[in-house]
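Residue numbering restarts at 1 for every chain, and letters A, B, ... go by the order of the sequence lines. These numbers were taken from a predicted model, which means no experiment stands behind them. Because only heavy atoms are used, hydrogens play no part in the values below, and waters and symmetry mates are left out as well, while side chains stay in.
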2 protein chains.
Amino acid sequence: MNATKFRRPSTAVTTAAAVPADPLQALDRIDRAILRQLQTDASISNVALAAKVKLSAPACLRRVERLKESGLIRGVVALIDPKAAGAGMLVIIGVVLDRSTPESFAEFEKAAQMVAGCMECHVVTGEFDYFMTIRTRDSDSFNRLHAEQLLYLPGVRQIRSFMVLKEILSTTKFPL
Amino acid sequence: MNATKFRRPSTAVTTAAAVPADPLQALDRIDRAILRQLQTDASISNVALAAKVKLSAPACLRRVERLKESGLIRGVVALIDPKAAGAGMLVIIGVVLDRSTPESFAEFEKAAQMVAGCMECHVVTGEFDYFMTIRTRDSDSFNRLHAEQLLYLPGVRQIRSFMVLKEILSTTKFPL
DNA sequence: CTTGAAATACTACTACG
DNA sequence: CGTAGTAGTATTTCAAG
């Protein structure tokens with residue numbers, strides 16, 4: 001086995017500042033205004049957006065395209081109202097696995113992504129290995145999902161469910 | 001005080017079916033295809049969308065507008081990449097309040113929405129009163145937020161933090 | 001009630017200053 | 001970055017299934 005694999009990495013604190021301290025610092029006031037608007041409503045036309053940020057339409061379009069190409073804008077999507085779509089129930093579940101092996105984690109993650117209505121799945125520190133959020137129709141359908149799918153996820157030792165009684169805040173908007 | 005306030009509501013199981021069983025049932029194959037597409041990428045032009053769902057442009061546009069007016073499409077927004085925006089860290093926190101009074105809940109909820117980077121906040125069943133998810137720059141900035149804001153949220157008895165080590169899945173796409 | 005074809009108005013996009 | 005011009009799209013009208 002190669003000994004370099006276990007060589008302690010240099011801590012290189014002095015070069016840390018070379019990594020962009022804050023990618024947002026490269027954005028001026030106008031870019032931020034564009035992002036704020038598009039995060040709120042991206043169905044606005046480019047000319048209307050340009051007027052809002054006090055720019056000509058081509059200049060505004062160039063900025064938007066730059067923001068997309070840079071990856072800062074990951075995409076433009078339609079948001080569906082869960083209640084209107086018949087999935088008014090939201091459940092947060094904490095998962096503990098049997099064993100903490102790479103294979104066990106990988107297997108669980110593969111299966112977790114297939115769970116219908118799974119919106120989020122994260123590895124976390126603390127008393128759980130994973131947190132997942134699942135959208136479903138009602139408590140009946142969740143109970144079915146729980147009994148038929150969640151409990152059969154590979155390597156699961158324990159599942160604790162936190163049913164959401166009231167959604168105070170649920171946003172995709174990022175503070176700029 | 002009005003006695004009717006405490007009258008037991010009729011359980012009316014027989015009329016439950018009168019409430020739209022599944023709002024999605026009213027949607028045909030084409031509407032679903034439109035929603036699937038727009039949830040993935042809403043920056044597509046209407047003509048391109050119309051071609052995808054094999055419809056004329058005007059007919060397609062009418063359906064999209066109908067879906068918006070019905071509230072099923074809650075909005076069209078740009079998604080920002082958290083890492084690129086300098087908030088690569090995600091923390092899920094469970095909150096327990098001191099007292100379970102309406103005033104206590106209301107006060108907390110008002111304050112919680114003001115927390116910078118708070119993406120979600122939900123009332124839950126179980127050992128916590130609330131779950132919140134918070135986006136922040138790094139562990140330093142979260143530590144600052146924790147010490148300066150979270151611990152001072154009104155009525156908080158306990159806060160337990162689950163730092164997200166790996167985001168397996170994070171989607172806005174709803175299963176249709 | 002919904003669709004599709006044609007006509008118009010507006011917008012995105014390009015080239016250039 | 002802005003102005004002007006072109007290409008393409010959104011949107012309305014209307015006739016037909």
### Sequence-distant partners of B/Arg62, side-chain hydrogen bond (donor to acceptor under 3.5 Å, both in side chains), two or more places apart
none
### Message
For A/Lys166, give me all partners under side-chain hydrogen bond (donor to acceptor under 3.5 Å, both in side chains), at least two apart in sequence or on another chain.
### Response
B/Glu109
### Query
Mind checking who shares a hydrophobic cluster with B/Val124, ILVMFWY linked at side-chain heavy-atom distances under 4.5 Å?
A/Leu90, A/Ile92, A/Val96, A/Val124, A/Phe128, A/Phe131, A/Phe162, A/Val164, B/Leu90, B/Ile92, B/Val96, B/Phe128, B/Phe131, B/Phe162, B/Val164
side-chain contact (heavy atoms from CB on, under 4.5 Å) against [X], all qualifying residues, sequence neighbours excluded:
X        : result
B/Lys68  : A/Ser43, B/Val64, B/Ile73, B/Val76
A/Ser170 : A/Glu167, B/Glu120, B/His122
A/Gln149 : A/Val115, A/Leu145
B/Ala111 : B/Leu153, B/Pro154

### Message
So B/Phe174 and A/Leu79, do their side chains get closer than 4.5 Å, heavy atoms only?
### Response
no
### Summary
the helix from C/dC1-D/dG17 to C/dG17-D/dC1: angle between terminal helix axes, five bp per end, to the nearest 10 degrees, reads 40°
## Note on the structure
residues 41-59 of chain B vs salt bridge (charged side-chain N to carboxylate O under 4.0 Å, His left out), sequence neighbours excluded, gives none
### Message
Strictly under 4.0 angstrom, non-hydrogen atoms only: write out the protein contact profile of nucleotides 1-8 of chain C, one letter per nucleotide from the 5' end, B, S or -.
### Response
--BBB---
#### Entry: With sequence neighbours excluded, residues passing salt bridge (charged side-chain N to carboxylate O under 4.0 Å, His left out) with A/Glu127
B/Arg160
Distances under 3.5 Å only, N/O to N/O: pair up the protein atoms with those of nucleotides 10-12 of chain C.
| from | atom 1 | to | atom 2 | distance (Å) |
| --- | --- | --- | --- | --- |
| C/dA12 | OP1 | A/Asn46 | N | 2.5 |
| C/dA12 | OP2 | A/Asn46 | N | 3.4 |
| C/dA12 | OP2 | A/Val47 | N | 3.1 |

